[in-house]
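Chain naming here is simple, since letters A, B, ... match the order of the sequence lines and numbering starts at 1 in each.
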Number of protein chains: 2
Amino acid sequence: MSVDEWADLTPTARTILGFVAQHPRSGYDIREAARRSVSYFWGVSDGQLYPQLKLLAELGLIESPQEDPGARSKSVWHITPAGRAALTKWIRSPSAPLRMRDENLVKMMFAAELEPAEVLRLVDERRKSFEWFAKNVASPGPAQSWQADQKLGSRTTSELLHEYGKQHTENALAWCDQVEEALRGIANDRA
Amino acid sequence: MSVDEWADLTPTARTILGFVAQHPRSGYDIREAARRSVSYFWGVSDGQLYPQLKLLAELGLIESPQEDPGARSKSVWHITPAGRAALTKWIRSPSAPLRMRDENLVKMMFAAELEPAEVLRLVDERRKSFEWFAKNVASPGPAQSWQADQKLGSRTTSELLHEYGKQHTENALAWCDQVEEALRGIANDRA
DNA sequence: CTGAACATGTAAAAGGTTACATGATTTT
DNA sequence: AAAATCATGTAACCTTTTACATGTTCAG
């Protein structure tokens, strides 16, 4: 419960803290919010969510109004001053390097020796996954009332973040086109 | 040692198998190759590398010519027919969804409530990390003799993969510009 | 009153990273 | 012969994922 135990928090705990900082939320809310917005650059898995909320509460970084003892009903968490301080401190500390796990790309790398059809299958798989993403995650969704979203000049932060996701997706899809074009090159060579 | 134990392999083991499949390599070679090429879409950490190589050998998917008992010297692994079969099977199976951990972006999401200077710091951090990446990872590097790289029409697979990394990096850097522009918007508002 | 969606939780296992330890080879 | 780099390895820890388990509220 010491003031500086924030340093021990896992990155996921900090992300959860961030969500609570935006406005009071229940665990379920956080799950949904994480799916909508950060899922492509930061996944929060179910098994982490509730234990980490509990931990954050124990550290006094968040709290829930009614300490409802036995109840298994919805509890809405809000951030404490200590929590906000911890969040700020985290944001100011150096970030962990970006880490990615893109199995499809790895396969592509090794598929070169296989038949072109195999590469085509992979590109297809990739395209589909990014198309799904464009539709389900990278899309803006209705603006929420609580989005007291800071303006950064003419644009809000969530607009900018959404923009990033969109560009990334478009880029990935364009690359799929490029690979397919190259593959058509093979077909032409053989024709 | 059964034929179908390939299914139990971790994704990292499969990546390692892929590297060995390209041409015979030592653990150290794989480490270097992974750093150069896949590091931004698939990290291989030191602590995994050697144990996984051992496992792959036990399963008969790779082997090292001399079963040098006590020696701690360089051992070069090459893929077995079973290994190649396992690799192909893996490539043909559905890929795990893309997963990303981008702490800098997460922070950006929550930094909106802080002073603009804080956001600027984050953008700066981001820019630097991608600039480093552009210089050290996304750059082509000298073509290696062993790169019996399949031509996909007019272009090789590694060219295409490299192209992807480059586009991704450029995209990320361009986005940094956009955010900074937005921030300058704030400065102007106050001027 | 029944099913769907809401909501919270836990345990075990899998997977990955860090830090450490050690020796071999090559260069200066 | 010292230093740098090549090379392999291990153990402990940390984090995340998966699968399961359970109760609640609301709409039809």
Side-chain angles (χ1 to χ4, degrees), chain A residues 5 7-17 19-20 24-36 38-39 41-58 62 64 66-77 96-103 106, chain B residues 5 7-17 19-20 24-36 38-39 41-58 62 64 66-77 96-103 106:
Chain A
E5 272 178 78
D8 294 333
L9 294 177
T10 65
T12 295
R14 297 195 242 248
T15 303
I16 292 170
L17 185 61
F19 275 113
V20 176
R25 295 192 203 246
S26 69
Y28 200 81
D29 291 341
I30 294 168
R31 179 199 293 198
E32 296 307 296
R35 290 220 174 120
R36 277 224 129 274
V38 289
S39 69
F41 57 85
W42 198 276
V44 174
S45 70
D46 287 10
Q48 291 261 101
L49 191 43
Y50 294 100
Q52 296 296 337
L53 276 172
K54 209 171 158 187
L55 177 67
L56 288 170
E58 273 165 16
I62 61 174
S64 170
Q66 72 282 22
E67 273 305 319
D68 222 336
R72 202 199 180 97
S73 56
K74 184 169 178 168
S75 58
V76 175
W77 301 96
L98 185 149
R99 200 159 285 163
M100 230 168 142
R101 246 83 229 288
D102 191 334
E103 200 182 10
V106 179
Chain B
E5 273 179 77
D8 295 333
L9 294 177
T10 64
T12 295
R14 298 196 243 247
T15 304
I16 292 170
L17 185 60
F19 275 113
V20 176
R25 294 189 201 249
S26 69
Y28 200 82
D29 291 341
I30 294 169
R31 179 198 293 198
E32 296 307 297
R35 290 221 173 120
R36 277 225 132 272
V38 289
S39 68
F41 58 84
W42 198 274
V44 174
S45 69
D46 287 8
Q48 292 262 100
L49 189 44
Y50 294 100
Q52 296 296 339
L53 276 172
K54 210 171 156 186
L55 177 67
L56 288 171
E58 273 165 16
I62 62 175
S64 170
Q66 72 282 21
E67 274 304 321
D68 223 335
R72 201 198 180 99
S73 56
K74 186 169 177 168
S75 57
V76 174
W77 300 97
L98 185 147
R99 198 159 285 162
M100 227 168 143
R101 246 83 230 287
D102 190 334
E103 199 181 10
V106 179

Item to complete: Ignoring backbone atoms, test whether B:K54 places a side-chain nitrogen or oxygen under 4.0 Å from the OP1 or OP2 oxygen of D:dT8.
Response: no

Worksheet item: Starting at the 5' end of DNA chain D and moving along, which residue's nearest nucleotide shows up first, B:R101 or B:Y28?
Response: B:Y28

Worksheet item: Within less than 4.0 Å of OP1 or OP2 of D:dT16, is there a side-chain N or O belonging to A:T12?
Response: yes

Worksheet item: What is the distance from CE of A:M100 to P of C:dG16, rounded to the nearest Å?
Response: 16 Å

Worksheet, complete the sentence: Rounded to whole Å, the CZ-C1' distance (B:R99 to C:dG16) equals 13 Å

Discussion item. Nearest 0.5 Å, please: how far is CD in A:E103 from CG in B:L98?
Written reply: 10.5 Å

Discussion item. Nearest whole Å is fine: how far is C:dG9 C1' from A:L55 CG?
Written reply: 15 Å

Worksheet entry | Main-chain N/O of B:F19 paired to B:R25 side chain as donor or acceptor, under 3.5 Å | yes

Worksheet item: Atom CG of B:D46 to atom P of D:dA12: distance rounded to whole Å?
Response: 18 Å

Discussion item. As a test of reading the structure: which of C:dT10, C:dG16, C:dT8 is closest to the side chain of A:K74, going by heavy atoms?
Written reply: C:dT8

Item to complete: Check the distance between D:dC6's P and B:I30's CD1 and give it to me in whole angstrom.
Response: 16 Å

Discussion item. Working note: A:D46 + A:R35, criterion salt bridge (Lys or Arg N to Asp or Glu O under 4.0 Å); need CA distance, chi angles, decisive distance, verdict.
Written reply: CA-CA 11 Å; A:D46 287 10; A:R35 290 220 174 120; 3.7 Å; yes

Worksheet item: Do B:I30 and B:L53 have side-chain heavy atoms sitting under 4.5 Å apart?
Response: yes

Worksheet, complete the sentence: Rounded to whole Å, CD1 of A:I16 lies from C1' of D:dT15 at a distance of 12 Å

Worksheet item: Within 45° of the ring axis of B:W42 and under 6.0 Å from its six-membered ring centre, is that where the NZ or CZ of A:R101 lies?
Response: yes

Worksheet entry | Closest-nucleotide 5' rank along DNA chain D - winner of A:S45 and B:E32 | B:E32

Fill in: N/O (side chain, A:R31) to phosphate O (OP1/OP2, C:dC6) under 4.0 Å
no

Worksheet, complete the sentence: Rounded to whole Å, CG of A:L49 lies from P of D:dT15 at a distance of 17 Å

Discussion item. Does a side-chain N or O of A:Y50 approach OP1 or OP2 of C:dT8 to a distance below 4.0 Å, or not?
Written reply: yes

Worksheet item: Which nucleotide sits closest to the side chain of A:Q48: D:dT15, C:dA7, D:dG9?
Response: D:dT15

Worksheet item: When all nucleic acid strands are considered with a 4.0 Å heavy-atom cut-off, which category describes A:G27: base, sugar-phosphate, or nothing?
Response: sugar-phosphate

Worksheet entry | Whole-Å gap separating P (D:dC13) and CG (A:D8) | 15 Å

